[in-house]
Asker: 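Okay, here's the structure, questions in a sec.
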Amino acid sequence: MPKHLSIQTLFADQPVGTRQIVKGWVRTLRNDQFLSISDGSTIKTLQVVISKEQVGEEICKKLQTGACVETEGVLQKSLGKGQEIELICDRIEILGESDPNEFPIQMKRHSLEFLREKAHLRFRTNTFGAVFRIRHHLSFAIHKYFNDRQFFNLHSPIITGSDAEGAGEMFRVTTLDIENPPRLENGSIDNTADFFGKPANLTVSGQLEAELAALALGKVYTFGPTFRAENSNTSRHLAEFWMIEPEVAFNDIQDNMDLAEDFLRYCIRYALDHCKDDLEFLQDREANEDKLKPVDERQALPLIQRLEFVANNTFERITYTEAIDILLQSNHYKKKKFKYDVKWGIDLQSEHERYLVEKHFQKPVIITGYPAAIKAFYMRLNEDGKTVAAMDILVPGIGEIIGGSQREERYDVLLEKCKQFNIPADHIWWYLETRKFGTCVHAGFGLGFERMVMYVTGMQNIRDVIPFPRTPQNAEF
RNA sequence: UCCCUAGUAGCUCAGCUGGUUAGAGCACAUGACUGUUAAUCAUGGGGUCCCUGGUUCGAGUCCAGGCUGGGGAGCCA
C-alpha cells in the first residue's frame, strides 16, 4: 500500500496514468462534478472529477467547503483548461464533514481583520497558506545561510534574570501566588521565595548571551522568540516575536554591514527561488487590493519586482550626519512638512526614515554613526567621542528592519558607559568580564523575523505573518 | 499611552437634511443545467442596525458614556 502523494508532488512529477490517493480539504464543488481540493503542500488545488451518479446523493451533499476527504482514482491530463492534471475519481470518502452554515471560511474574499478572529481556521485560506509556507522557507533560509558560513546556532535563554538590557518593558516570570505573595517585614515582596530566588523575566534579546558565545565560538547566531511588554499597538509590533541575532568575533562595523546586507539579499533571493507560486498569488492579491485604494497609496512596483530589486542592488550607505543633512536640504523640510524638527542629535522619526528610504533613495538604506546619547550602552564609541558604531537598515514600506552595532570591547570605556546609562555593573558582571579576559573587536545585529516576512509577502499588518499574534489585550488561541 | 476612524444579514457593504414593513452582492437551502474554473440561471429563508442611557410624536440615522475593530504617532525589531 503506497503512501499517498502530496498535491505538490503530483504537480511536480505529473505521474499521468497512475492510480493515486489524495487527501485534502474541499475548496469548492463546481457543477456537481469538479471538486477542488487543497492539501496545503502548495497553493495549487487539485481538480478531482467525480460523477454524481457514482458518488451518490448522500456523499455529494457532504462535499462542502472545508470538508476533509480522501479520494482515489487515476491521474490524467486535464480535459479542461485552467489546470494541467486532474484526478478521475472512482472512490471518495468523507473523512471530516464541515457544516456550511457554521464554517466561516468561504471561497470568496474575506477581510484580514475577520480572518484574524478566526486564526484557527485562517490557515485554510490561500492567503495565509501562502504566507505561512513563505514564513517556513525564510526560516529555513536563515538557518541555511548561517550554517553554510560556519556560524553556530546558539540557544539563548528565554527566561532571564538579567534586566540590564533596556530594550523594552519585560514580562515577569514568577511562581509566586500573585493574590498573596510572601512579603518581607517592610511589606515588599520577598523575591528570594520565588522560583529562581530573584526576579526573572522573559527575554527581550539574546544579544548579550550571543556576545559571550561569539567570544569563544567565533561566529554565532540566535533565532528564537523574544518578548516585549510595551503597550504598543501598531501594525508593526508584537508582544511575542522571533528575532535573529548574529554575533561575530573580529567583525567591525563595516563587516557587520556587509554581513547584514548579504544576509538580507540572500533570504529574499531564496524566497524568490523557492516560493514562486505563493509570491505570484500574493502579488496578484496585492494588485487587486490596490485597485480599491487611492493612487498615491498603491505600491509603485509589483511585489516580485520589489524583491528582485532588493536582491539585485546594493544598499545605500550613509552616516547619520549625512542623513540629517539630506533631510535639512529637502524641499519637504523647507516646506515644513515634517511634524518633528530636524537637527543633529535627534532620534530619526518614522517620517524622517520614510522620507529617506521611500522618497530620497527609493531603496534600502544603511545608516551608521548615530549620536551616542540615543543608542544603547554596549555600542562602540567612535573616535569623535560623540557618535557610536551603530547601524540601522531601513527598507521601504517597513522602516527599520535591522538594528546592529560594533560592540564596545574596551573594558574601561564600557564601564564608563554603564555609569552614564545607570546600569549597575554588578548586574552584568558576566558581560563585563568578557572584556577583561581576551576581549576583541566584535559586532552583530538583530533582525525582526516577522518584519522580514512582512517585507517578502507584502503583508501590511504584522499580525498576519505570525500564526497566533500576541498583542496588548489579546492572547486568544 | 495619545490622535483619527468605523461597528447594519454568516461575509463585504449601501441606507441622503430623523419619517411606512431596513436593502444589495456573495454565502446558505431547493430546483434546473452538466467540462466547470470564486460555474451559471430561477426561487426562498435569514436582522439584538455593537451595548447602555438620553433628545424626539418618531432614532440604523442626532447626543453622551462604554465595548470592540482598523489607521497613524510614540517606543522599537
Side-chain angles (χ1 to χ4, degrees), chain A residues 27-36 44-53 60-61 64-66 76 78-83 86 88 98-118 125-126 165-169 204-207 225-245 260 288 292-293 297 338-340 347-354 374-376 392-395 398-404 445-455 460-466 471-474 476:
Chain A
R27 285 301 176 78
T28 56
L29 175 61
R30 290 186 292 266
N31 230 346
D32 281 349
Q33 196 179 176
F34 302 104
L35 191 64
S36 171
K44 291 177 183 167
T45 56
L46 182 70
Q47 173 155 290
V48 176
V49 184
I50 62 171
S51 103
K52 201 173 180 179
E53 292 77 48
C60 219
K61 275 189 176 172
Q64 308 275 17
T65 301
Q76 69 166 31
S78 180
L79 300 178
K81 290 170 184 167
Q83 60 281 317
E86 62 191 14
I88 307 302
S98 176
D99 183 346
N101 286 309
E102 290 183 50
F103 186 61
I105 313 295
Q106 298 161 358
M107 270 309 283
K108 55 164 281 187
R109 182 191 168 277
H110 282 108
S111 69
L112 297 175
E113 294 80 19
F114 171 72
L115 292 171
R116 232 168 266 156
E117 293 170 5
K118 315 283 178 203
T125 64
N126 284 331
E165 213 24 69
E169 291 295 311
V204 293
S205 163
Q207 182 204 310
T226 44
F227 308 86
R228 304 277 166 92
E230 299 286 353
N231 186 17
S232 59
N233 213 318
T234 81
S235 56
R236 298 182 306 284
H237 292 86
L238 291 166
E240 176 183 293
F241 63 101
W242 288 66
M243 192 150 63
I244 298 109
E245 295 178 293
N288 286 329
L292 304 172
K293 292 182 185 170
E297 286 176 26
F338 287 123
K339 192 177 160 198
Y340 290 86
D347 206 352
L348 294 177
Q349 303 294 315
S350 303
E351 58 174 355
H352 305 139
E353 295 180 346
R354 267 210 310 279
I374 59 171
K375 287 291 182 182
D392 283 358
I393 299 186
L394 314 176
V395 296
I398 306 288
E400 185 183 338
I401 195 168
I402 281 181
F445 60 86
L447 167 81
F449 182 51
E450 282 75 18
R451 291 198 179 164
M452 177 194 262
V453 181
M454 282 175 82
Y455 190 70
Q460 300 286 302
N461 193 311
I462 201 165
R463 289 159 215 198
D464 297 328
V465 298
I466 188 167
T471 52
Q473 299 296 308
N474 187 6
E476 192 65 52

Asker: In whole Å, measure the gap between the C1' atoms of B/A39 and B/U34 for me.
Answerer: 10 Å

Asker: B/U12 P sits how many Å from A/Gln106 CD, rounded?
Answerer: 10 Å

Asker: OP1, OP2 of B/C75 versus side-chain N and O of A/Arg236: anything below 4.0 Å?
Answerer: no

Asker: For B/G60 versus B/G15, give the span between their C1' atoms, rounded off to a whole number of Å.
Answerer: 8 Å

Asker: Remember a base hit wins even if backbone is also touched, and classify A/Thr234 as base, sugar-phosphate or nothing at under 4.0 Å, heavy atoms.
Answerer: base

Asker: Contact class for A/Phe114 (heavy atom, under 4.0 Å): base, sugar-phosphate, or nothing?
Answerer: sugar-phosphate

Asker: Look at the side-chain N and O atoms of A/Thr65 and state whether any lies under 4.0 Å from the OP1 or OP2 oxygen of B/A27.
Answerer: no

Asker: For the base of B/U68, is there a side-chain donor-acceptor partner from A/Gln473 under 3.5 Å away?
Answerer: no

Asker: Expressed as a whole number of Å, how far does the P atom of B/C51 sit from that of B/C41?
Answerer: 35 Å

Asker: Describe the nucleic acid contact of A/Ile401 in one word from base, sugar-phosphate, nothing, applying a heavy-atom distance below 4.0 Å.
Answerer: sugar-phosphate

Asker: How close do A/Glu86 and A/Ser78 get, heavy atom to heavy atom, and via which atoms?
Answerer: OE1-OG, 2.9 Å

Asker: Less than 3.5 Å between a donor and an acceptor, one on the side chain of A/His110 and one on the base of B/C11, is that the case here?
Answerer: no

Asker: Would you indicate what A/Phe227 reaches in the nucleic acid, counting non-hydrogen atoms under 4.0 angstrom: base, sugar-phosphate, or nothing?
Answerer: nothing

Asker: Please check the phosphate of B/U12 (OP1 and OP2 only) for any side-chain N or O of A/Ser111 closer than 4.0 Å.
Answerer: yes

Asker: Send over the distance from A/Lys339 NZ to B/C2 P, rounded to a whole Å.
Answerer: 14 Å

Asker: Closest to the A/Gln47 side chain: B/C76, B/U36, B/C75?
Answerer: B/U36

Asker: Which one is paired to B/C16, where only Watson-Crick or G-U wobble pairs with both distances under 3.5 angstrom count?
Answerer: none

Asker: Please determine whether a side-chain nitrogen or oxygen atom of A/Arg30 lies at a distance below 4.0 Å from atom OP1 or OP2 of B/C33.
Answerer: no

Asker: Testing the basics here: between A/Glu450 and A/Trp242, what is the closest heavy-atom pair and its distance to 0.1 Å?
Answerer: OE1-N, 3.0 Å

Asker: Mind checking the P distance from B/G23 to B/C49? Whole angstroms is fine.
Answerer: 14 Å

Asker: Does B/A29 have OP1 or OP2 under 4.0 Å away from a side-chain N or O of A/Gln64?
Answerer: yes

Asker: Mind checking the P distance from B/U52 to B/U48? Whole angstroms is fine.
Answerer: 13 Å

Asker: Looking only at heavy atoms, which two atoms of A/Ser235 and A/Gln460 are closest? And how far apart?
Answerer: CB-O, 3.8 Å

Asker: More than 12 heavy atoms of other residues, nucleotides or ligands under 6.0 Å from CD of A/Glu297: yes or no?
Answerer: yes

Asker: Contact class for A/Pro100 (heavy atom, under 4.0 Å): base, sugar-phosphate, or nothing?
Answerer: sugar-phosphate

Asker: Give the minimum heavy-atom separation between A/Glu400 and A/Glu353, together with the two atoms involved.
Answerer: N-OE1, 4.2 Å

Asker: Should A/Ser350 be listed as having a side-chain N or O under 4.0 Å from OP1 or OP2 of B/G74?
Answerer: yes

Asker: Please tell me which of the listed nucleotides, B/U36, B/C75, B/U1, lies nearest to the side chain of A/Asn31?
Answerer: B/U36

Asker: Sort out the partner of B/A22 for me: Watson-Crick or G-U wobble, both distances under 3.5 Å, none otherwise.
Answerer: none

Asker: Hey, could you give me the CG/CD distance between A/Asn101 and A/Gln64, rounded to the nearest 0.5 Å?
Answerer: 8.5 Å

Asker: For B/C76, what is the paired nucleotide under Watson-Crick or G-U wobble rules, both distances under 3.5 Å?
Answerer: none

Asker: Taking the side chain of A/Glu113 as its heavy atoms from C-beta onward, which of B/G35, B/G69, B/G74 lies nearest to it?
Answerer: B/G69

Asker: Using the C1' atom on both, measure B/G65 against B/C26 and round to a whole Å.
Answerer: 36 Å

Asker: Pick the C1' atom in B/U56 and in B/G66, then give their distance to the nearest Å.
Answerer: 23 Å

Asker: Considering non-hydrogen atoms only, spot the tightest contact between A/Ile462 and A/Arg236 and give its length.
Answerer: CD1-O, 3.5 Å

Asker: Just the rounded figure in Å: distance from C1' of B/C76 to CE of A/Met243.
Answerer: 10 Å

Asker: Let's test this: given Watson-Crick or G-U wobble pairing with both distances under 3.5 Å, identify the partner of B/A29.
Answerer: B/U43

Asker: Side chains of A/Leu115 and A/Asp464: does their closest heavy-atom pair fall under 4.5 Å?
Answerer: no

Asker: With both distances kept under 3.5 Å, what pairs with B/A38, Watson-Crick or G-U wobble?
Answerer: none

Asker: Picking from B/U34, B/U30, B/A29, which would you name as closest to the side chain of A/Asp32?
Answerer: B/U34

Asker: Please report the distance separating the C1' of B/C63 from the corresponding atom of B/U30, rounded so that it comes out in whole Å.
Answerer: 47 Å

Asker: Could you state the atom-to-atom distance from CD of A/Glu245 to P of B/C76 in whole Å?
Answerer: 15 Å

Asker: Hey, which of these two, A/Leu29 or A/Gly403, hits RNA chain B nearer its 5' end, going by closest nucleotide?
Answerer: A/Leu29

Asker: From CD of A/Glu169 over to P of B/C76, roughly how many Å is that when rounded to an integer?
Answerer: 12 Å

Asker: Mind calculating the distance between NZ (A/Lys61) and C1' (B/U30) to the nearest angstrom?
Answerer: 9 Å

Asker: Heavy atoms under 4.0 Å, any strand shown: does A/Asp347 hit a base, just sugar-phosphate, or nothing?
Answerer: sugar-phosphate

Asker: Examine B/A39: is either OP1 or OP2 under 4.0 Å from a nitrogen or oxygen in the side chain of A/Thr28? Give yes or no.
Answerer: yes

Asker: Verify the contact: side-chain N or O of A/Asn461 to OP1 or OP2 of B/G71, cut-off strictly under 4.0 Å; return yes or no.
Answerer: yes

Asker: When all nucleic acid strands are considered with a 4.0 Å heavy-atom cut-off, which category describes A/Arg116: base, sugar-phosphate, or nothing?
Answerer: sugar-phosphate

Asker: May I ask you to say what A/Glu102 touches in the nucleic acid, namely base, sugar-phosphate or nothing, with a heavy-atom cut-off under 4.0 Å?
Answerer: nothing

Asker: If I take atom NE2 in residue A/His237 and atom P in nucleotide B/G70, what distance separates them, rounded to the nearest angstrom?
Answerer: 16 Å

Asker: Between A/Asn461 and A/Arg463, is there a donor-acceptor pair closer than 3.5 Å when you use the side chain of the first and the backbone of the second?
Answerer: yes

Asker: In the strands shown, is B/G65 matched to any nucleotide by a Watson-Crick or G-U wobble pair with both distances under 3.5 Å, and which?
Answerer: B/C51

Asker: To the nearest Å, give me how far apart CG (A/Asn233) and C1' (B/C4) are.
Answerer: 14 Å

Asker: For a quick check, tell me whether the side chain of A/Glu297 and the base of B/G71 share a donor-acceptor pair closer than 3.5 Å.
Answerer: no

